[in-house]
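Remarks on the structure that follows.
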Amino acid sequence: MQTSSAATMRHSLAAYPTGMALIAAEVNGQNEAMLANSFTSISLDPPLVSMAFTHTSTTWPRLRQAQELGITILGESHLALVSQLRLSGPARLDGITLDHATTQARTLPQAAATFVVRPHQHVPAGDHELVLFEVIDHERYDDMSPLTFYNRQIAVIQRERE
């Protein structure tokens, strides 16, 4: 097997569909948020999830200061927001209302699911930092279909409606 470049690795990883999540918190009086598709369930007992953040991120160092964060699993209602949420800097949240899940944790309304988490463990992982989060609260909204990211395309998982 040949060694790969970052571009060919990214191309191969695009064959695997992932969900889309927004992690957000109020830090120093300012709402901070960023998209990630690295959200993963780790453990049910204790309840742990993970996300990975690139070392070049300018948002993660600010979010990293939060004691509690909100993770929103994006739903079909967020499809129109994705291009804005992908922006860098403060314009990312212009005109977007976040719910106050706790004093510090923020989530988007009309989600497929939401989680309130606390940092549990930070693990250096190549060009990323892998963070394990303890889940302190969560809720699933069965009436909302989630967004997926596959082959550099965003889609809504269609499910049977009752």
Side-chain angles (χ1 to χ4, degrees), residues 1 3-75 78 81-94 96 98-108 111-140 146-154:
M1 179 179 269
T3 50
S4 65
S5 68
T8 60
M9 178 73 164
R10 182 173 285 132
H11 177 74
S12 293
L13 291 170
Y16 183 69
T18 62
M20 297 187 68
L22 182 82
I23 185 165
E26 181 183 303
V27 180
N28 299 324
Q30 181 81 16
N31 283 336
E32 301 284 352
M34 65 186 291
L35 285 178
N37 66 338
S38 61
F39 177 80
T40 304
S41 170
I42 299 297
S43 171
L44 296 176
D45 186 18
L48 299 172
V49 297
S50 73
M51 294 180 103
F53 306 98
T54 182
H55 294 304
T56 59
S57 171
T58 57
T59 305
W60 174 241
R62 293 189 300 273
L63 281 169
R64 196 180 198 280
Q65 299 173 50
Q67 298 301 304
E68 292 183 346
L69 301 102
I71 297 175
T72 302
I73 306 305
L74 299 186
H78 303 125
L81 296 178
V82 171
S83 60
Q84 180 178 344
L85 292 171
R86 284 179 164 172
L87 296 175
S88 184
R92 176 182 293 145
L93 293 175
D94 281 354
I96 295 176
L98 297 174
D99 287 340
H100 292 218
T102 68
T103 304
Q104 206 173 24
R106 301 290 181 262
T107 57
L108 281 170
T114 57
F115 298 83
V116 174
V117 299
R118 290 186 185 128
H120 178 73
Q121 186 176 1
H122 298 260
V123 180
D127 61 357
H128 280 66
E129 176 181 26
L130 178 67
V131 182
L132 302 181
F133 294 100
E134 174 190 8
V135 176
I136 57 175
D137 195 13
H138 59 89
E139 190 162 354
R140 179 177 169 173
L147 294 183
T148 59
F149 188 69
Y150 166 71
N151 205 26
R152 297 181 177 231
Q153 300 288 321
I154 298 166

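Residues take their numbers from the sequence shown, with the count starting at 1.
When all heavy atoms are compared, the tightest approach of F39 to A21 is CB-CB, 4.1 Å. Across every non-hydrogen atom of S57 and M34, the tightest pair is OG-CE, 3.6 Å. Of all heavy-atom pairs spanning Q84 and L93, the tightest one is NE2-C, 3.8 Å. Considering all non-hydrogen atoms of both residues, L132 and S50 come closest at CD2-CB, 3.7 Å. Counting all heavy atoms, side chain and backbone alike, G70 lies closest to A105 at N-CB, 3.5 Å. Across all their heavy atoms, E26 and G29 have their closest contact at OE2-CA, 3.7 Å.
Between the CG atom in L74 and the CG atom in L81 there is a gap of 8.5 Å [rounded to 0.5 Å]. Here CG of L108 is found 12.5 Å from CD1 of I71. Values are rounded to the nearest 0.5 Å. Atoms OG1 and CG, on T102 and D137 in that order, are 9.5 Å from each other to the nearest 0.5 Å. Rounded to the nearest 0.5 Å, atoms CZ (F133) and CD1 (I23) are 4.0 Å apart. For the atom pair CG of L85 and CZ of R92, the computed distance is 8.0 Å after rounding to the nearest 0.5 Å. Distance check: E68 CD to E134 CD gives 9.5 Å after rounding to the nearest 0.5 Å.
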Go through the steps to decide whether Q65 and E32 satisfy the test side-chain contact (heavy atoms from CB on, under 4.5 Å), and finish with yes or no.
-> CA-CA 11 Å; Q65 299 173 50; E32 301 284 352; over 6 Å; no

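Not counting sequence neighbours, the partners of A66 by the side-chain contact (heavy atoms from CB on, under 4.5 Å) test are A25, V27, L69, Q104. In this view, D99 satisfies the side-chain hydrogen bond (donor to acceptor under 3.5 Å, both in side chains) rule with no residue, not counting sequence neighbours. For H138, the side-chain contact (heavy atoms from CB on, under 4.5 Å) criterion is met by F115, V135, not counting sequence neighbours. With sequence neighbours excluded, the residues that form a side-chain contact (heavy atoms from CB on, under 4.5 Å) with A91 are L87, D94. Residues forming a salt bridge (charged side-chain N to carboxylate O under 4.0 Å, His left out) with R86 (at least two apart in sequence, or on another chain): none.
Counting only distance, with no hydrogens or angles, the side chain of T114 and the backbone of T107 share no donor-acceptor pair below 3.5 Å. In terms of modelled atom types and a separation under 3.5 Å, the side chain of R118 and the main chain of I136 share no donor-acceptor contact.
In this structure, W60 and F53 have parallel ring planes: the angle between them is below the 30° cut-off, well short of the 60° mark.
Checking N37, T148, T40 one by one against T18, the side chain to side chain donor-acceptor pair (under 3.5 Å) holds for a single residue, N37.
For H11, the NE2 atom counts as loosely surrounded, since its 6.0 Å shell holds 12 or fewer non-hydrogen atoms of other residues, nucleotides or ligands. Around the CD atom of Q67, the shell of radius 6.0 Å holds no more than 12 heavy atoms that belong to other residues, nucleotides or ligands.
Counting only heavy atoms from C-beta outward, the side chains of H78 and T72 approach each other to under 4.5 Å. Inter-residue side-chain proximity for Q30 and R62 is flagged as unmet; no heavy-atom pair is nearer than 4.5 Å.
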Result block: side-chain N/O donor-acceptor pairs under 3.5 angstrom for residues 41-49, not counting sequence neighbours:
{"from": "S43", "atom 1": "OG", "to": "D45", "atom 2": "N", "distance (Å)": "3.2"}
{"from": "S43", "atom 1": "OG", "to": "D45", "atom 2": "O", "distance (Å)": "3.4"}
{"from": "S43", "atom 1": "OG", "to": "P46", "atom 2": "O", "distance (Å)": "2.7"}

